[in-house]
**Student:** 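Dropping a structure here in structure tokens format, bear with me for questions.
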Amino acid sequence: MTVTLADVAARAQVSPATVSRVLNGNYPVAASTRERVLKAVDELDYVLNGPASALAAATSDLVGILVNDIADPFFGIMASAIQSEIGGPGGRAGGERLAVVCNTGGSPERELTYLTLLQRQRAAAVVLTGGAIEDAQHKAAMDAKLRKLADAGTRVVLCGRPQAPDTGAIALAFDNRGGGQELTEHLIRLGHRRLGYIAGPEERTTTRHRLEGHRAALAAHGIEEDPRWTVHGRYDRRSGHEATLELLRRDPSLTAVVAANDSVALGACAALRESGLRIPDDVSVAGFDDLPFSVDAVPALTTVRLPLAEAGARAGRIAMGREEPPAGGIAAVRGELMVRGSTAGPRG
């Protein structure tokens with residue numbers, strides 16, 4: 001059943017004119033009234049300018065790109081590649097489309113809020129980048145929101161994020177497990193048996209999948225993991241620095257440190273040097289993602305290269321309808337092990 005402006009007004013106990021003023025933002029409205037109206041809009045899932053059933057033929061020229069942190073090269077590279085495929089003719093009446101990058105800061109609430117705003121603007125497409133948050137309540141809310149977007153005619157693409165079944169979203173999912181396993185197996189083949197691991201935030205799918213790959217490699221080679229060898233933190237350099245100092249405090253005999261990503265690995269390298277340890281002579285270090293600075297680190301960083309630009313560009317083409325979605329609505333995007341100077345066999 002189509003939700004109308006009058007329905008929102010009735011729920012908020014205001015006049016239809018007041019609802020219109022709040023939504024258009026062209027007339028001062030009391031804060032308490034505005035909150036009531038916006039709450040009613042959310043509860044009723046009201047969409048501006050017509051029923052949801054008509055939106056497939058009446059989407060706007062807006063394309064939303066959701067990122068965790070645009071300052072992080074991981075997200076910046078993907079967002080840039082997505083936007084490169086959105087530019088040019090293709091909008092209504094052959095005009096340009098407008099890409100809007102929405103920076104969530106890792107907040108589940110902001111993620112949902114941006115999707116609601118994009119739905120109200122009848123976005124032509126939405127691309128969500130990076131891992132998902134592992135929280136049952138948030139996942140249910142996200143799945144419901146993605147379904148509503150898809151049902152309204154918005155193309156939804158997940159880039160670097162696991163598939164969201166039964167939502168209509170297309171997923172280009174990074175093989176973080178496979179990459180994590182290959183990276184740790186490389187260190188094991190070099191002779192390492194005491195490997196510290198700096199994981200990302202516990203609530204992220206990317207964190208779990210990379211850590212599962214690491215642990216699978218240890219198990220495959222009969223190496224029993226010591227609980228002291230894993231520390232969780234943020235996906236940034238400072239976290240890598242702090243976590244490495246903690247790992248050394250827990251077990252000074254570690255011969256390798258595997259980092260959640262390349263930024264974390266740089267922090268690990270700094271902490272090791274401050275502790276008087278040489279890389280890779282005393283301790284090997286490995287990262288993940290192969291961000292642009294990785295090859296310029298000293299020594300150059302061993303890592304897993306994810307094709308961020310390629311995946312972003314493909315997501316953009318699918319979002320614009322210029323490339324067919326993968327069979328089954330999901331494609332695995334695999335990484336490539338890049339062996340460089342930051343890893344070597346342990347001494348002795």
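Just so we're clear, the structure is a prediction, and the values are computed from it rather than from any experiment.
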**Student:** Begin from the C-alpha positions of D289 and R210 and carry the test salt bridge (Lys or Arg N to Asp or Glu O under 4.0 Å) through to its verdict.
**Tutor:** CA-CA 11 Å; D289 295 334; R210 292 182 183 183; 2.8 Å; yes
**Student:** As a quick check of understanding, evaluate side chain to side chain contact (heavy atoms under 4.5 Å, CB included) for V63 and R155, giving each step before the final call.
**Tutor:** CA-CA 9 Å; V63 177; R155 291 192 184 95; over 6 Å; no
**Student:** Thinking salt bridges, do D226 and R228 make one under a 4.0 Å N-O criterion?
**Tutor:**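 Judged by the 4.0 Å cut-off on N to carboxylate O distance, D226 and R228 do form a salt bridge.
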**Student:** What closest approach, in Å, do R250 and P227 show between heavy atoms, and which atom pair accounts for it?
**Tutor:**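 Closest pair (atom of R250, atom of P227, distance): NH1-O, 4.0 Å.
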**Student:** Does D296 CG have over 12 foreign heavy atoms under 6.0 Å away?
**Tutor:**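 Yes, CG of D296 has more than 12 neighbouring heavy atoms, counting only those of other groups under 6.0 Å.
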**Student:** Enter the distance from R161:CZ to I330:CD1 here, rounded to the nearest 0.5 Å.
**Tutor:**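 Going from CZ on R161 over to CD1 on I330, the span is 13.0 Å.
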**Student:** Determine yes or no for a side-chain-to-main-chain donor-acceptor pair under 3.5 angstrom, with T255 supplying the side chain and H192 the backbone.
**Tutor:**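 Not at all, since once roles are kept as given, no pair shorter than 3.5 Å links the two residues.
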**Student:** State, to 0.1 Å, how close V8 and V37 come at their nearest heavy-atom pair, and which atoms those are.
**Tutor:**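 That closest heavy-atom pairing would be CG1-O, 4.2 Å.
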**Student:** Taking the side chain from S20 and the backbone from P16, do they hold a donor-acceptor pair closer than 3.5 Å?
**Tutor:**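 Checking the backbone N and O of P16 against the side chain of S20, no donor-acceptor pair under 3.5 Å is found.
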**Student:** Check whether T244 reaches the backbone of G240 with its side chain - one donor and one acceptor, N or O, closer than 3.5 Å.
**Tutor:**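 Yes, T244 side chain to G240 backbone: donor-acceptor pair under 3.5 Å.
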**Student:** Using atom types as modelled and distance alone, determine if a side-chain donor or acceptor of T129 lies under 3.5 Å from a backbone N or O of C159.
**Tutor:**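 No: the side chain of T129 does not pair with the backbone of C159.
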**Student:** Is R340 salt-bridged to D290, cutoff N-O under 4.0 Å?
**Tutor:**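 Looking at D290 together with R340, the answer is yes, because their closest N to O distance falls below 4.0 Å.
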**Student:** With a 4.5 Å heavy-atom cut-off, do E185 and H221 have their side chains touching?
**Tutor:**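 The answer is yes, as the side chains (C-beta and beyond) meet within the 4.5 Å cut-off.
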**Student:** If you define the side chain from C-beta out and look only at heavy atoms, does anything of D69 sit under 4.5 Å from F74?
**Tutor:**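 Sidechains of F74 and D69: no contact.
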**Student:** Are E310 and R305 close enough for a salt bridge, meaning some N to O gap below 4.0 Å?
**Tutor:**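 Salt bridge flag = yes for R305 with E310.
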**Student:** Take L254 and W229 through the test side chain to side chain contact (heavy atoms under 4.5 Å, CB included) and record every step on the way to the result.
**Tutor:** CA-CA 8 Å; L254 292 174; W229 295 350; 3.7 Å; yes
**Student:** Between R347 and R278, is there a side-chain heavy-atom distance shorter than 4.5 Å?
**Tutor:**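 Side chain of R278 against side chain of R347, heavy atoms only: contact under 4.5 Å found.
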**Student:** Begin from the C-alpha positions of I279 and V283 and carry the test side chain to side chain contact (heavy atoms under 4.5 Å, CB included) through to its verdict.
**Tutor:** CA-CA 5 Å; I279 306 164; V283 180; 5.6 Å; no
**Student:** Hydrophobic clustering (ILVMFWY, side-chain heavy atoms < 4.5 Å, transitive) - are V29 and V14 grouped together?
**Tutor:**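 Yes: a chain of side-chain contacts under 4.5 Å links V14 to V29.
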**Student:** State plainly whether one hydrophobic cluster holds both V295 and L337, where clusters connect Ile, Leu, Val, Met, Phe, Trp and Tyr through side-chain heavy atoms under 4.5 angstrom apart.
**Tutor:**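 No; L337 is not reachable from V295 via cluster members.
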**Student:** Calculate, to the nearest 0.5 Å, the distance between atoms NE2 and CG belonging to H232 and L211 respectively.
**Tutor:**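 If we round to the nearest 0.5 Å, H232:NE2 and L211:CG are 5.5 Å apart.
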**Student:** Out of curiosity, R110 CZ to L115 CG, how far, rounded to the nearest 0.5 Å?
**Tutor:**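 Output value for this atom pair is 11.0 Å.
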**Student:** Find out whether M142 and I133 are in side-chain contact, i.e. whether some heavy atom of one side chain is under 4.5 Å from a heavy atom of the other.
**Tutor:**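 A side-chain contact under 4.5 Å is absent here.
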**Student:** Can you give me the closest heavy-atom contact between L301 and A265, atom names plus distance?
**Tutor:**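 Answer, listing the atom of L301 first, then A265: CD2-CB, 3.6 Å.
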**Student:** What distance do L98 atom CG and I86 atom CD1 have between them, rounded to the nearest 0.5 Å?
**Tutor:**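 Nearest 0.5 Å value for the CG-CD1 distance: 9.0 Å.
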**Student:** Enter the distance from E225:CD to L218:CG here, rounded to the nearest 0.5 Å.
**Tutor:**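 If I round to the nearest 0.5 Å, the distance is 6.0 Å.
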**Student:** Any side-chain heavy-atom pair from L248 and L277 closer than 4.5 angstrom?
**Tutor:**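 Yes, at least one pair of side-chain atoms sits under 4.5 Å.
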**Student:** Hey, does L158 have a side-chain heavy atom less than 4.5 Å from the side chain of I170?
**Tutor:**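 They are not in contact (no side-chain heavy atoms under 4.5 Å apart), so the answer is no.
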**Student:** With a 4.0 Å cut-off, would you call E246 and R249 a salt bridge?
**Tutor:**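 A salt bridge is present here (some side-chain N lies under 4.0 Å from a carboxylate O).
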**Student:** I'd like to know if the side chain of T303 and the backbone of M338 have a donor-acceptor N/O pair within less than 3.5 Å.
**Tutor:**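 Not at all, since once roles are kept as given, no pair shorter than 3.5 Å links the two residues.
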**Student:** Do D262 side-chain atoms and F288 backbone N/O form a donor-acceptor pair below 3.5 Å?
**Tutor:**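 Yes: the side chain of D262 pairs with the backbone of F288.
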**Student:** Please check this pair: side chain of S107 against backbone of T104, looking for a donor-acceptor N/O pair closer than 3.5 Å.
**Tutor:**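 Pair absent, no side-chain N/O of S107 close to backbone of T104.
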**Student:** Using every non-hydrogen atom in the two residues, find where Y235 and A260 come nearest and quote the distance to one decimal.
**Tutor:**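 Minimum heavy-atom separation between Y235 and A260: CE2-CB, 3.5 Å.
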**Student:** Salt-bridge test for R317 and E85: reply yes if a basic N is under 4.0 Å from a carboxylate O, no otherwise.
**Tutor:**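 Answer for the salt bridge query: yes.
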**Student:** Of all heavy-atom pairs between I318 and E324, which one has the smallest distance, and what is that distance?
**Tutor:**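 That would be CG1-O, 4.3 Å.
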**Student:** With hydrophobic residues grouped by side-chain heavy-atom distances under 4.5 Å, do F293 and L306 end up in a single group?
**Tutor:**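 Yes, because F293 and L306 connect within a single hydrophobic cluster, where side-chain heavy atoms sit under 4.5 Å apart.
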**Student:** Check whether V100 and V126 end up in the same hydrophobic cluster, where Ile, Leu, Val, Met, Phe, Trp and Tyr are linked by side-chain heavy atoms less than 4.5 Å apart.
**Tutor:**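 Yes, V100 and V126 fall within the same hydrophobic cluster.
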**Student:** Whether the side chain of R204 engages the backbone of G131 through a donor-acceptor N/O pair (distance < 3.5 Å, no angle test) should be reported.
**Tutor:**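 Yes: the side chain of R204 pairs with the backbone of G131.
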**Student:** Answer yes if the side chains of H186 and T343 hold a donor-acceptor pair under 3.5 Å, and no otherwise.
**Tutor:**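 Distance-only check passes for H186 and T343.
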**Student:** Assess whether side chain to side chain contact (heavy atoms under 4.5 Å, CB included) is satisfied between L128 and V156, documenting all intermediate values.
**Tutor:** CA-CA 8 Å; L128 295 91; V156 180; 4.0 Å; yes
**Student:** Out of curiosity, does L44 fall in the hydrophobic cluster containing V22 (side-chain heavy atoms, cut-off under 4.5 Å, transitive links)?
**Tutor:**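 Looking at the clustering, L44 is in the same group as V22.
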**Student:** Looking at CD1 of I223 and CZ of R194, how far apart are the two atoms once the value is rounded to the nearest 0.5 Å?
**Tutor:**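 Separation between the atoms: 11.0 Å.
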**Student:** Evaluate the side-chain proximity of R215 to T230: yes if any heavy-atom separation is below 4.5 Å, no if none is.
**Tutor:**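 T230 vs R215: side chains touch.
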**Student:** Answer whether the closest heavy-atom distance between the side chains of L62 and R122 falls below 4.5 Å.
**Tutor:**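 L62 vs R122: side chains apart.
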**Student:** Considering residues, nucleotides and ligands other than R334, do more than 12 of their heavy atoms fall under 6.0 Å from its CZ?
**Tutor:**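 Open.
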**Student:** Work out which heavy atom in V67 is nearest to a heavy atom in I70; give both atom names and the distance.
**Tutor:**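 Distance-wise, the nearest heavy atoms are CG2-N, 3.9 Å.
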**Student:** Thinking salt bridges, do D42 and R11 make one under a 4.0 Å N-O criterion?
**Tutor:**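 Salt bridge absent between D42 and R11.
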**Student:** For the backbone of I188 and the side chain of R193, can you confirm whether one donor and one acceptor N or O come within less than 3.5 Å of each other?
**Tutor:**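 Present.
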